[in-house]
Amino acid sequence: PKEFLFEFKDPTATLRDPAVVGGRAGAGKRFCPAGGLAVDGRMASVRGGGAQVQPVSHMQLLLKAAAIAVVSLALFAAALAIALTLQPDLAARGLDTLCRWDCGWYRSIASNGYQVDPGPNDLQANYAFYPVFPGAARLVMQATGLTFVHAALLLNAIYSFLFAWLALANRDVLLLRSDRDAVIFLLAFLVSPWSLYNRVPYTEMSFNLAMLATFVAWRREYYVAAAA
């Protein structure tokens with residue numbers, strides 16, 4: 001029998017009659033009023049005389065998320081290469097040139113832990129910063145032998161992949177009508193000029209990932225997880 005692909009539109013509608021394709025199908029499933037069948041907001045197939053739901057596999061979602069993360073990382077690397085070419089004085093420092101301002105505090109926490117007392121000259125201390133990002137960077141440093149900057153860049157690349165996967169896997173609760181909308185959202189988020197701060201050794205990407213996970217948990221009514 002022929003296989004038809006439909007795209008999920010309405011997250012509130014319910015399917016009832018398993019024999020009818022294009023408006024009704026098995027109890028507990030969801031359908032598109034324009035004629036379609038889907039599970040959890042993703043693509044599904046309907047075969048022959050009965051409804052047979054085949055949601056997009058987790059592997060497909062992982063591969064698509066990886067592709068988006070790699071493309072966004074490649075564009076960042078290209079922009080960085082151009083910037084270093086135009087600024088030879090920065091090129092001498094290599095990737096360390098990305099560690100500016102608060103990055104120095106994160107590096108001090110990852111490398112030496114929190115200070116007991118403020119510095120005697122400026123009375124500043126690194127315990128003004130939360131431990132999640134520098135702590136995760138320290139684990140990567142210990143596991144790989146990388147410097148802080150390289151470990152932090154790798155960590156943010158992993159966070160970008162997880163962000164893309166989480167958005168694709170939960171696009172129904174994010175009110176993204178199709179995979180195309182989800183890809184456009186992710187590319188705009190991960191490739192926009194502001195996304196520079198998602199790449200450099202800052203906490204923005206870990207914060208964005210945590211906020212997206214919180215929103216998804218809340219929309220799926222996992223309120224304890226969202227509060228955590």
Side-chain angles (χ1 to χ4, degrees), residues 1-76 156-195 198-199 204-223 225-226:
K2 293 184 178 180
E3 179 176 325
F4 303 92
L5 291 180
F6 300 98
E7 187 174 351
F8 176 65
K9 296 293 184 184
D10 183 357
T12 63
T14 302
L15 301 170
R16 291 189 176 86
D17 186 355
V20 179
V21 176
R24 293 170 294 174
K29 306 297 187 293
R30 294 173 176 175
F31 85 108
C32 164
L37 177 67
V39 174
D40 291 335
R42 293 185 288 276
M43 300 296 290
S45 65
V46 179
R47 297 180 184 272
Q52 185 176 17
V53 179
Q54 294 182 338
V56 173
S57 71
H58 291 297
M59 182 57 66
Q60 288 175 294
L61 291 175
L62 289 172
L63 291 175
K64 185 174 290 187
I68 293 171
V70 168
V71 168
S72 64
L73 180 60
L75 291 173
F76 168 74
N156 280 338
I158 294 171
Y159 287 156
S160 297
F161 161 71
L162 293 175
F163 186 94
W165 170 78
L166 190 61
L168 290 170
N170 296 279
R171 69 171 176 82
D172 55 332
V173 299
L174 297 175
L175 304 183
L176 298 168
R177 290 181 175 273
S178 66
D179 281 349
R180 177 178 176 272
D181 289 351
V183 170
I184 291 173
F185 157 69
L186 288 169
L187 289 177
F189 187 85
L190 295 174
V191 180
S192 67
W194 179 88
S195 68
N198 291 330
R199 296 295 177 185
E204 269 71 5
M205 197 62 234
S206 57
F207 174 84
N208 291 329
L209 177 61
M211 289 301 98
L212 182 64
T214 298
F215 183 76
V216 167
W218 172 70
R219 288 279 291 166
R220 292 199 179 280
E221 299 183 357
Y222 300 139
Y223 298 121

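Only this structure's heavy atoms are used, side chains among them; waters, hydrogens and symmetry mates stay out. For clarity, every value in this text was computed on a predicted model and none was experimentally measured.
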Contact summary for D179 and R171, nearest pair of heavy atoms: OD1-NE, 2.7 Å
Ring geometry between F189 and F163 (parallel below 30°, tilted from 30 to 60°, perpendicular above 60°): parallel
Heavy-atom closest contact (L212 atom, A167 atom, distance): CD2-N, 4.1 Å
Approximate separation, where rounding is to 0.5 Å, of N156 CG and N208 CG: 9.5 Å
Least distance between heavy atoms, S206 atom then Y159 atom: CB-CE1, 3.5 Å
Side chains of R220 and N170, donor plus acceptor under 3.5 Å: yes
Enclosure of F207 CZ (heavy-atom neighbours >12, cutoff 6.0 Å): no
M205 to S160 - nearest heavy-atom pair and separation: SD-OG, 3.7 Å
ring-ring contact (aromatic ring centres under 6.0 Å, His included) against F215, all qualifying residues, sequence neighbours excluded: W218
Atom of K64, atom of V183 and distance for their closest heavy-atom approach: CD-CG2, 4.3 Å
Any L168 side-chain heavy atom under 4.5 Å of L186 side chain: yes
Where S72 and V191 come nearest, the two heavy atoms and their spacing: CB-CG2, 3.8 Å
